[in-house]
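Every number for a ligand or one of its atoms is a count from 1 in the order of the listing.
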Amino acid sequence: MTIKDRYDVVVVGSGPGGLAAAIAAKQNGAEDVLIIERDVELGGILLQCIHNGFGVEILKQDLPGPAYAQRFINEALGMGIETLLDAMVLDITPGRRIYASGRGAGFAEIEARAIVLAMGCRERTRAQIRLPGTRPAGVFTAGTAQRWVNVEGHMPGSRFVVLGSGDIGMIMARRLTLEGAKVERVLEIMPFLTGLTRNYVQCLLDYNVPLHLSHTVKRIIGEKRIEAVETVRVDERWNPVEGSEEIVPCDTLLLSVGLIPENELSRQAGVRIDPITGGPFVDDSFETSVPGIFAAGNVVHVYDLVDWVSEAGYTAGKSAAVFAQRERAREIRHIPLLAGNNVRYVVPQELDKDRLGQGNIRLQLRVRAPIEAPVWVEARANGKLVTRAPEPYARPGEMVTLTLTPRQYEEVNHASALTVAVIKR
Ligand SMILES: Cc1cc2nc3c(=O)[nH]c(=O)nc-3n(C[C@H](O)[C@H](O)[C@H](O)COP(=O)(O)OP(=O)(O)OC[C@H]3O[C@@H](n4cnc5c(N)ncnc54)[C@H](O)[C@@H]3O)c2cc1C
């Protein structure tokens, strides 16, 4: 395919965030839209997620990952959206020049009127959590093992320990059990689950895989291949509790210890990064701190459900198309969104005053600590309650959503900041 040297909107990454952004950009008047993807296929991480659970919120269907992705791929290709596969974006300038390289294009230099960053995230590795012990084969991130089993058809081992109760680890515990492996246990250093409760029930409880909270790996044992791990209980400050050590034989250790938004390109483009989320600061149109550069999906913050990624992609793509069609003449007036009581972060990090009133705005947040009792999720403008919604509980592994409606914008509009908090009812 011949790639032009100028596009209205260029989307980097073809996961659900990127696909939705490209579709929305085209639907909202962008004449030419290009998706650049480093993999040889469109679809992103969904292609290896063959379990169901995708699309429950926005499609009202419970689909496997590849089926969910295929709907968006068909729609994007049917609309004439161009794609450049097998091409890695290496650099983006603040002036929206994109440099990409790969078998798909050789070396390409493309100018975009607007860009949507949708590079997803990557997994935290053994080095990043400083896991002591020898360095034998058999230590994998859960996502790598998932790709092996679901896409490439290899089993990474037969007797597993999983470190971390994130969703990918729990999903892999079930997957490996179904493939005939023995999953000895899942260890979680926190005193609570870090993934979705539904995955705990469907992947661990249903398959008799024990979950050990407040536990971690003290040491990896083995020379050529991992032979066992030494596990230990930890106190509330993560100090090992002496005498609680246990040797658990295994030939494979899977790490499900967190995801990091993939933002090297964003930094190169001069985008301001939030140290808490690891992703760009965005406003409610998902525009970053660099005009004309938008971001959507796991690149912004790690989502638990794909539906919200697609929704964010639509917003970012629509905003990018609008940007591409007019030169920005106005000065943007932002209202900061602040994380209040028991809130770790809230996305977006700011609201654009001039867009208030154009529709509902969904605020998404994660709590710091679990509250296993009914809670209020509330937003206050200069201390005055603007809105609140009841939830049966609040858990760090499950994203919390609060919707602002146009009715509430009058109060928000005059505020110097909006603070979101989660408190016991
Ligand atoms: C194992 C697992 C299980 C999950 N299970 C569920 C579930 O049951 N239900 C649910 O609703 N959600 C689930 N999710 C969450 C959901 O799938 C993700 O939130 C969503 O897929 C993220 O989409 P994204 O577009 O942000 O990123 P991705 O899908 O990761 O896409 C990012 C794309 O960007 C490309 N890219 C990155 N850098 C570059 C570059 N420099 N140049 C070119 N291309 C680049 C990558 O190759 C990739 O294709 C799961 C996620 C995982 C990882």
Trainee: Can you name the residues that form a side-chain contact (heavy atoms from CB on, under 4.5 Å) with E372, not counting sequence neighbours?
Mentor: P370, Y393, R395

Trainee: Test your reading of the structure: does E37 have an N or O sitting under 3.5 Å from an N or O of ligand 1?
Mentor: yes

Trainee: Can you tell which part of L265 has a heavy atom less than 4.0 Å from ligand 1: side chain, backbone, both or neither?
Mentor: side chain

Trainee: With backbone taken as N, CA, C and O and side chain as the heavy atoms from C-beta onward, which portion of P16 lies under 4.0 Å from ligand 1: side chain, backbone, both, or neither?
Mentor: both

Trainee: Output yes when the distance from some N or O of ligand 1 to some N or O of V89 is under 3.5 Å, and no in every other case.
Mentor: yes

Trainee: Under 3.5 Å between some N or O of ligand 1 and some N or O of F54?
Mentor: no

Trainee: Has R38 got a side-chain atom pairing as donor or acceptor with D86's backbone, closer than 3.5 angstrom?
Mentor: no

Trainee: Is the closest N or O pair between Q146 and ligand 1 shorter than 3.5 Å?
Mentor: no

Trainee: For G53 and ligand 1, does the shortest N/O to N/O distance drop below 3.5 Å?
Mentor: yes

Trainee: Please list, chain by chain and in numerical order, all residues satisfying side-chain contact (heavy atoms from CB on, under 4.5 Å) with I50, sequence neighbours excluded.
Mentor: P66, N150, R175

Trainee: Side chain or backbone of H301 under 4.0 Å from ligand 1, or both, or neither, by non-hydrogen atoms?
Mentor: neither

Trainee: Hey, is A118 touching ligand 1 through its side chain, its backbone, both or neither, going by heavy atoms under 4.0 Å?
Mentor: backbone

Trainee: Is it the side chain, the backbone, both or neither of V309 that has a heavy atom closer than 4.0 Å to ligand 1?
Mentor: side chain

Trainee: Applying the side-chain contact (heavy atoms from CB on, under 4.5 Å) test to R159, which of D251, I226, L176, V248 qualifies?
Mentor: D251

Trainee: For ligand 1, note which part of N52 has a heavy atom under 4.0 Å away: side chain, backbone, both or neither.
Mentor: backbone

Trainee: Which bit of A87 is near ligand 1, meaning a heavy atom under 4.0 Å away: side chain, backbone, both or neither?
Mentor: backbone

Trainee: What's the shortest heavy-atom distance between G13 and I35, and which atoms?
Mentor: O-CG2, 3.7 Å

